[in-house]
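Shown next, in structure tokens, is the structure this report addresses.
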Amino acid sequence: QVQLVESGGGLVQAGGSLRLSCAASGRTYSNYAMGWFRQAPGKEREFVAAISWSVGFIDYADSVKGRFTLSRDNFKNTVHLQMNSLKPEDTAVYYCAAAENPGYGSRWAPTSLQEYDYWGQGTQVTVSP
């Protein structure tokens, strides 16, 4: 089992910044990819960003490219999502997730919800106009 705890959400004005963090504990291995997803009211959960664990390959949703930056600290088992130039449409509950690499190679950073095995409880991000 892997436990994930998100932090860093809050209320910010459009154009502002927030930094989300996700701390992993429990059965943590170096072959876990980590991802962030978000879910706005009345909408499906969608991919935001993902990072492979071993070589740091990163993938972003088109809607956040150039504004969000994902990083990870393997020694501390944490990932961080730096969100800049926030827009009202970024308002959502943000979820951290972990996916155990089934042997797809060191650059595996899945974008599909179904690939992820563990989820955090979510943290609310609200961007006011």
Side-chain angles (χ1 to χ4, degrees):
Q1 286 286 340
V2 174
Q3 292 79 42
L4 303 172
V5 178
E6 303 100 333
S7 61
L11 173 64
V12 65
Q13 288 187 328
S17 298
L18 282 174
R19 185 178 189 238
L20 304 184
S21 297
C22 176
S25 62
R27 186 184 175 187
T28 52
Y29 294 110
S30 61
N31 62 341
Y32 275 87
M34 301 295 292
W36 285 93
F37 292 78
R38 65 186 182 186
Q39 188 166 17
K43 295 187 177 181
E44 294 185 352
R45 192 170 299 188
E46 65 175 9
F47 169 74
V48 175
I51 185 167
S52 65
W53 203 247
S54 60
V55 299
F57 175 78
I58 304 173
D59 198 3
Y60 296 98
D62 289 342
S63 58
V64 306
K65 280 181 181 176
R67 301 188 298 121
F68 290 12
T69 302
L70 182 59
S71 61
R72 89 277 192 260
D73 183 336
N74 286 353
F75 294 104
K76 296 183 179 180
N77 290 327
T78 57
V79 291
H80 304 285
L81 184 67
Q82 178 66 42
M83 306 186 296
N84 298 329
S85 302
L86 283 162
K87 305 175 182 179
E89 50 264 43
D90 293 319
T91 295
V93 177
Y94 284 70
Y95 296 92
C96 175
E100 185 174 4
N101 192 327
Y104 289 156
S106 59
R107 292 171 60 84
W108 188 63
T111 62
S112 171
L113 280 76
Q114 288 73 24
E115 300 279 10
Y116 287 83
D117 304 295
Y118 303 99
W119 293 84
Q121 80 288 352
T123 185
Q124 177 70 47
V125 171
T126 303
V127 184
S128 62

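Between V64 and M83 the shortest side-chain heavy-atom distance does not fall below 4.5 Å. Side chains of E100 and Y118 form no contact here, defined as non-hydrogen atoms less than 4.5 Å apart.
With rounding to the nearest 0.5 angstrom, the OG atom of S52 is 8.0 Å from the CD1 atom of I58.
Between the side chain of N101 and the backbone N or O of S106 there is no donor-acceptor pair closer than 3.5 Å. No donor-acceptor pair closer than 3.5 Å links the side chain of T78 to the backbone N or O of A23.
Contacts classified as side-chain hydrogen bond (donor to acceptor under 3.5 Å, both in side chains) and involving residues 2-11 (residues at least two apart or in different chains) are given here: E6-Q121. Residue pairs meeting the salt bridge (Lys or Arg N to Asp or Glu O under 4.0 Å) criterion with at least one partner in residues 69-85, sequence neighbours excluded, are absent. Contacts classified as ring pair (Phe, Tyr, Trp, His ring centres under 6.0 Å) and involving residues 78-108 (residues at least two apart or in different chains) are given here: Y104-W108. Pairs of residues two or more places apart, or lying in two chains, never qualify as disulfide (SG to SG under 2.5 Å) while including a residue from residues 100-129.
Taking the side chain to side chain donor-acceptor pair (under 3.5 Å) definition, one finds that D90 meets it with R38, R67, sequence neighbours left out. F37 pairs by the ring-ring contact (aromatic ring centres under 6.0 Å, His included) definition with F47, Y116, W119, not counting sequence neighbours.
G8 and L18 get closest at one heavy-atom pair: O-CD2, 3.9 Å.
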